[in-house]
Structures are given as structure tokens and as C-alpha cells.
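Reviewing the structure listed below.
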Amino acid sequence: MLAPGGTLPVYVPWTEEAGQSVATEQPAWQLLSDHPVEPDADVLDFAGTARRMAEIILGARAATPFTIGIQGGWGTGKSSLMHMIRREIEDRTARQRGRTRVAWFNAWTAEGSSALTALIRSVLQELDPSVLRRLLHRTRRSSWILAPILIVGSLLGLRRFADDLWARFNVDAAQRNEVSKELRGALADWAEQDRPLDERRMLVVFIDDLDRCSPDNIVQVLDAIRLYLDAPGLIFVIGYDHAVVVDALSRARGASAGVRSRTYLEKIIQVDHVIPLPDPTQTREMALACARHCGVADILGVPEINLIVDRTDRNLRRLKRFLNTFVLSRQLDATSVRLRPDEHIKMLLLRMYFPDLFRIILREPERDVLGQLVELGRYRAAVTAGQPPDEEQVTWLFQTSGVAPPKPDEDAATALNRLERHLPRMVINLSLDPDLFSLAWSLGTPDQRQNLLERARTQLRPTTAQPAARPAATAGAPTPVEPSAATTPSPQATGDAQTQPLVCPMCGHAANLGDQHFCPSCGAYLDRA
């Protein structure tokens, strides 16, 4: 089984002695943190963007109030970029802390409480106590005295007031307007708008994790900015996923479509910076940096790196999740010593990113679907290049696919087309993936693959009965399909076992799966015993 112009990879067979050796190894593998990227690990050059954003923000004193959106999907690096912008601003204004201040508000941590109140409190606690005292003095005789006291109570020791500010604002528009007027006045006093431009104060408020919040809290945060904190001297920098926030606003406000929600959002956020998707080179460097950090770089080849990059959609958080899954399973599962680390990570790639293929590999080992992928890819490459294919392997491919082998006078392209008409679309599509082809190729000869998959099935501990062995295929005859315990439910399996949801031990997915034995989310084997 040689690829056109290639040679088989060097393959070291597994032995009990090798497994014992692996068991005694203590590799320096470690989990990757989900914390924002540090400047020294800035593969995506967020530092350059952060410097320019800091310059824009510090130059916008005259334009306040102003709101900037840092827009991106889950795991694209919004928090990392915002932390870098924050550090840039703090470094540039270290000598003028009284003129420029920075506040950080994590909207997600406000879940379960009033996000509106929490955000207002985060802003006011950056102001001078004298400004807050003047605010309290002006409102002392007002009918809504409890509102400002609740906001600043933690600063002035007035914790005895525990009324729900958001509930009061939500039912009393007149009170809401009066509170807004006083808060804006207090913020304008602090910003000292009557001073020359370069002497005015400015507060930059970063709001992170908005898209993780419930719809009600998203509304509260945005209402706080629009209704109460729309004051001179304030600049907000909001990290958010546009689609998630628009959907949350539509649901919270009962909109039948997202048009009104998008319009509402545009009134609050004046300008957006959309985090671009990293290019393949950047993502590859990011993947290699993460692999080196967690100690698995030496067991990842080019195909594995390419598959991780492609299947994680160039998303740093998903990339880290895959590597952490390997590190955790390698160190917690005692049976993993039956696989070498490089074999283990290849099996994990197949299980997580090609679950349909992986199900066939586990449930129909005699089919050698990986061999079919390899030989179909080689056959197609030879036909496309006008080279003579390996006749022995072509015969094997046609026979195991249940298709009559090519006739001596049959055109190669015609034979390939006839073969593909009888193959599952999944097999055809996956054979076109050069990195998956290379991974399957690296698993060695049919006997070597069979040995590996037998050990992989042992490592995954499928405790239910395995499929019955199938008779060898004969030339020109389709491969027979025998029922097995993995696909045919027993009489006892028709009751509660099939109606109760199963929870995947690998990814947490839960569903009523009927007679399926594999998680539809990650492909993990589900033990029904």
C-alpha cells in the first residue's frame, strides 16, 4: 500500500513491554488555561491592535460619552484584546491617574443580581468620594432617596438599604428620569467639563462577557449605559458576540424580528471593531504554541496539526479544549498505556472530529474503512495524474466495497466513477481530505491498523457485546452485513434503557438516543451496562 511516489511511515509495533515503558513515563504534560492571552504569547498580534485602540480611546476625550464594541464569536479572543487595551491605557496614563481612570466590569458575574445596579456601582466607585457625597446631599430630601443610597451604599457604609433598584426603575418612569438626571450631573461634575480639554477627566469602562449573560441582564447592562451613564467623561468598551446579543434582545423585548434589536444596539454602540478570523499561518503558529506549552508538540505531525486547526475553525478556545481533553484522558485513564501517545492523539482526533467514521471503526473493525479511505485516495490520485494504479490494491478496494473489479478494457476514470456510485458519500468526502488521508496512512499496513484498533477498542472499554466477525469478502460480491449486539437491541433493551436520556461522560451531551451507542456530539462510546 504505497502512495504514488511515497513510502510507508516507520511504524513501531506495540508490545506489552512498550506499554509498560509508556506507563512509567512521566511526561511534562499540563492543561492549558482558558485565561486571556498574555502579551508574550500574542501569536495573533493583538498587541499592535491594542496600542492603536488605546491611542484612539485616549484621544476621544472631546467625543465622550462614547461606546466602542469589540465584536467576535466565542473563543475569538475578545477578552484577551480588551485586557491588552486596558494595560496599554494604564501604562500610558500612569502619571495621570487622577485624569484618566479605568474600570473593569464582568457582566457574567452579575448574573443572579441586578446587572444595572452592579454596573452603575462599578462606575461610581471610581469617582471621588466628595462627588458621591454631593450626590447624596442633593438627593437627601427626594422621594427616591433609596436609589442613590443603594448604589453608593457600599462606599459610604449604608448597607442597611436593600431595595431592588432595577425593580423600582422599571415601574416608575418619572423616578427613572430623575435618577438619570442626577447621575449624569454627578458624572459631569467629576469629569470637570469646564476645564480645558487636556485637563478633563475620563473614565474608560471595559464590559466583558456580555454575550454570556441571560437576556434580562444583557438588557439591564445596555439600559444602564443608555439611560444612566450616558454622561461626559465616560467611554465604554464592550466585548460581545453580535448575533448572541441581538437574539437576546429580541427575546427579552418580545421582538418578532431582530431589526428593532439591531437598531437599539446601534444607538448604544457607536463603532465596532470586529476581530478578524486568524489566517491559516497564524492559527498554525497558535496551535503549535499551545502544543508546546502543554507538552504534546513532539507527538503531533503535520497532518494532526492541520486537522486540529481545520476542525476547530481556527478558534483558540476550541483548540485548547482538544489539547486539554488529550492531556486529561491520557493521565486519568489507566488503560491508555495500551496506546502510544502519538496513537492516542490520532484516535482522539478521529473520535472528536470524525464521529461517524469513528463509529464505523469501532463497530465494524473487519471493514477496514481507514484502508478504504487510503486506497480510494490513492486510486483517485493515480487516475487524476494519468498514472497506472496499484492493481492489487485496486482489486482489494473494489472487492471490499462490494463492486466488481475493473475490466481489462475499462477506462480508469469510468471504473472510479462506477466505484464511487456504490460508496457512502461520507467515505468519498473524507477520502478527499489530504490531512485525514495522511493520518490514516500513518497508521501503517492493514495488520498494523488492525492491531492499533484492537487496542483502541480495549482502551475505550466497550463492555457490551462486540459485532460478530464477518466472513471474508469474495471477488465481485458485496460485503455481507451481519446484525450485532451493537446495532440490534436485545429484548431487555426495549424498555427504560432506550427511553431514559444518556449523559456522555466525555462531553456532557444528554439525549434520548434510542439504540445508538455513541454520543452524537463527540462520538464517544456510551456504555449502557
Side-chain angles (χ1 to χ4, degrees), residues 35-108 119 122-123 126 187 191 197-198 200-212 221-222 224-226 229-245 265-279 282-283 285-286 314-317:
H35 291 163
V37 173
E38 294 297 325
D40 58 356
D42 183 24
V43 177
L44 302 180
D45 191 30
F46 279 169
T49 302
R51 285 192 296 271
R52 293 187 289 273
M53 290 286 288
E55 292 173 0
I56 293 171
I57 291 171
L58 292 175
R61 288 179 190 270
T64 61
F66 197 80
T67 303
I68 299 173
I70 305 296
Q71 190 184 135
W74 177 86
T76 56
K78 299 186 296 294
S79 297
S80 296
L81 177 57
M82 291 169 65
H83 276 287
M84 290 184 182
I85 297 172
R86 175 187 182 180
R87 279 193 290 266
E88 280 288 331
I89 293 175
E90 290 176 339
D91 290 345
R92 291 166 183 255
T93 61
R95 296 183 180 180
Q96 48 170 317
R97 291 292 186 189
R99 299 289 99 192
T100 304
R101 296 186 184 180
V102 176
W104 187 276
F105 178 72
N106 189 301
W108 198 23
L119 176 55
S122 296
V123 169
E126 295 296 329
L187 291 167
L197 181 60
D198 58 348
R200 295 176 187 175
R201 288 175 170 175
M202 182 171 68
L203 174 60
V204 184
V205 184
F206 290 87
I207 300 178
D208 194 19
D209 285 340
L210 181 65
D211 44 25
R212 292 189 178 190
V221 169
L222 296 177
I225 296 172
R226 182 173 66 94
L229 301 175
D230 186 27
L234 264 67
I235 289 184
F236 290 92
V237 182
I238 305 177
Y240 75 109
D241 183 325
H242 185 271
V244 172
V245 171
L265 197 58
E266 288 170 358
K267 291 180 179 179
I268 298 174
I269 300 176
Q270 282 77 39
V271 63
D272 272 314
H273 169 70
V274 180
I275 296 180
L277 187 70
D279 62 41
Q282 287 177 317
T283 313
E285 291 176 358
M286 185 170 63
R314 308 184 201 172
N315 185 292
L316 178 58
R317 187 168 283 154

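Only a predicted model underlies this, so the values are computations on that prediction, with no experimental measurement involved.
For the atom pair Ile275 CD1 and Phe46 CZ, the distance stands at 4.5 Å (nearest 0.5 Å). Residue Leu229 holds its CG atom at 4.5 Å from CZ of Phe236, rounded to the nearest 0.5 Å. Taking CE of Met82 as the reference point, atom CZ of Arg87 lies at 12.5 Å (rounded to 0.5 Å). Between the CD1 atom in Ile269 and the CZ atom in Phe66 there is a gap of 11.0 Å [rounded to 0.5 Å]. Atom CD of Gln282 is separated from atom CG of Leu316 by 12.0 Å, given to the nearest 0.5 angstrom.
Considering every non-hydrogen atom in both Ala191 and Pro232, the closest pair reads CB-O, 3.7 Å. The two residues Gln270 and Ile268 come nearest to each other via the heavy atoms NE2-O, 3.3 Å. The two residues Asp241 and Gly73 come nearest to each other via the heavy atoms OD2-CA, 3.4 Å. When all heavy atoms of Asp279 and Arg314 are compared, the closest pair comes out as CA-NH1, 3.8 Å. Closest heavy-atom contact between His242 and Gln71: CB-OE1, 3.3 Å. Between Trp108 and Asn106, the shortest heavy-atom distance links the atoms N-OD1, 2.9 Å.
For the pairing with Val237, the side chain to side chain contact (heavy atoms under 4.5 Å, CB included) check across Leu81, Ile89, Val204 returns one residue only, Val204. Tested against Thr100, the residues Ile57, Leu203, Leu58 include a single side chain to side chain contact (heavy atoms under 4.5 Å, CB included) partner, Leu58.
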* salt bridge (Lys or Arg N to Asp or Glu O under 4.0 Å) evaluation trace for Asp211 with Lys78 -> CA-CA 11 Å; Asp211 44 25; Lys78 299 186 296 294; 3.6 Å; yes
* Before giving the answer on side-chain contact (heavy atoms from CB on, under 4.5 Å), spell out for Ile68 and Ile238 the whole-Å C-alpha distance, their side-chain angles and the decisive distance to 0.1 Å. => CA-CA 6 Å; Ile68 299 173; Ile238 305 177; over 6 Å; no
* side-chain contact (heavy atoms from CB on, under 4.5 Å) evaluation trace for Asn315 with Trp74 -> CA-CA 8 Å; Asn315 185 292; Trp74 177 86; 3.9 Å; yes
* **CA sep, side-chain torsions, deciding dist, call: Arg92, Glu88, salt bridge (Lys or Arg N to Asp or Glu O under 4.0 Å)** => CA-CA 6 Å; Arg92 291 166 183 255; Glu88 280 288 331; 3.1 Å; yes
* **Candidate pair Ile225 and Ile207, rule side-chain contact (heavy atoms from CB on, under 4.5 Å), full reasoning** => CA-CA 11 Å; Ile225 296 172; Ile207 300 178; 3.6 Å; yes
* **Stepwise side-chain contact (heavy atoms from CB on, under 4.5 Å) test for Asp208 and Trp104** => CA-CA 8 Å; Asp208 194 19; Trp104 187 276; 3.6 Å; yes
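At least one side-chain heavy atom of Val245 sits under 4.5 Å from a side-chain heavy atom of Leu210. Looking at heavy atoms from C-beta onward, His273 lies in side-chain contact with Thr49 at the 4.5 angstrom threshold. Two residues are said to be in side-chain contact when any heavy atoms from C-beta on lie closer than 4.5 Å; Phe105 and Val221 meet this criterion.
By the 4.0 Å N-to-carboxylate-O rule, Glu90 lies close enough to Arg86 to be salt-bridged with it.
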